Amino acid sequence: MQKVLTNMNPNNISNSYAQGVLQKNIGMTGYFFVSFPDSVDWRDKIFYGVLTDAGDDYILIYNEENNEYYLIWSIYLNYATFDRRPNTK
């Protein structure tokens with residue numbers, strides 16, 4: 001499994017790079033590690049599925065096993081791992 005660091009913190013200068021990497025890997029299956037600091041029940045959560053879209057401030061993940069889509073704000077995304085080598089160029 002390949003890991004891509006994607007710290008999407010809005011104060012991070014590399015946001016545009018991380019967003020670009022995510023957009024180049026639309027269609028890839030992976031794990032998406034997120035943290036919701038204001039939630040007790042969903043403090044840290046891992047989503048698994050196909051990255052179907054990545055915008056300026058969100059990612060959209062499709063989980064084929066339960067036929068659900070997850071719209072996650074990028075500010076909560078810590079990092080992602082993919083089942084194969086991600087495209088970075």
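As a basis for the values below, the full set of heavy atoms in this structure was taken, side chains included, without hydrogen atoms, waters or symmetry mates. Bear in mind the structure is a predicted one, so any value in this text is a computation, not a measurement.
- Using a 4.5 Å cut-off on side-chain heavy atoms (C-beta onward), Tyr48 and Asp83 make contact.
- Of all the heavy atoms in Met28 and Arg84, the pair that sits closest is CE-O, 3.3 Å.
- Looking at heavy atoms from C-beta onward, Leu77 lies out of side-chain contact with Phe33 at the 4.5 angstrom threshold.
- For the side chain to side chain contact (heavy atoms under 4.5 Å, CB included) test, residues two or more places apart in sequence or in another chain that qualify with Asp57 are Trp73.
- Between the CG atom of Leu51 and the CD1 atom of Ile26 there is a distance of 5.5 Å, given to the nearest 0.5 Å.
- Transitive grouping of hydrophobic side chains (ILVMFWY, heavy atoms separated by less than 4.5 Å) brings Leu71 and Tyr69 into a common cluster.
- Put simply, Val34 and Val50 are part of two different groups of oily side chains (I, L, V, M, F, W, Y) that touch within less than 4.5 Å, one to the next.
- Considering OG of Ser74 and CG of Leu22, their distance stands at 7.0 Å, rounded to 0.5 Å.
- Taking the six-membered ring where the residue is Trp, Phe82 and Phe32 present perpendicular rings, their angle passing 60° and hence far from 30°.
- Pairs engaging residues 38-47 under the side-chain hydrogen bond (donor to acceptor under 3.5 Å, both in side chains) rule: Ser35-Asp44 [sequence neighbours left out].
- Applying the ring-ring contact (aromatic ring centres under 6.0 Å, His included) test to Tyr58 and every residue at least two apart in sequence or in another chain returns nothing.
- Asp56 places a side-chain heavy atom less than 4.5 Å from the side chain of Gln19.
- Remark: Tyr70 engages Phe47, Ile61, Asn63, Asn66, Glu68, Ile72 in a side chain to side chain contact (heavy atoms under 4.5 Å, CB included) (not counting sequence neighbours).
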| query | When you look at Lys24 and Thr88, which way does the side chain to side chain contact (heavy atoms under 4.5 Å, CB included) test go after all the steps? | reply | CA-CA 7 Å; Lys24 291 175 186 172; Thr88 57; over 6 Å; no
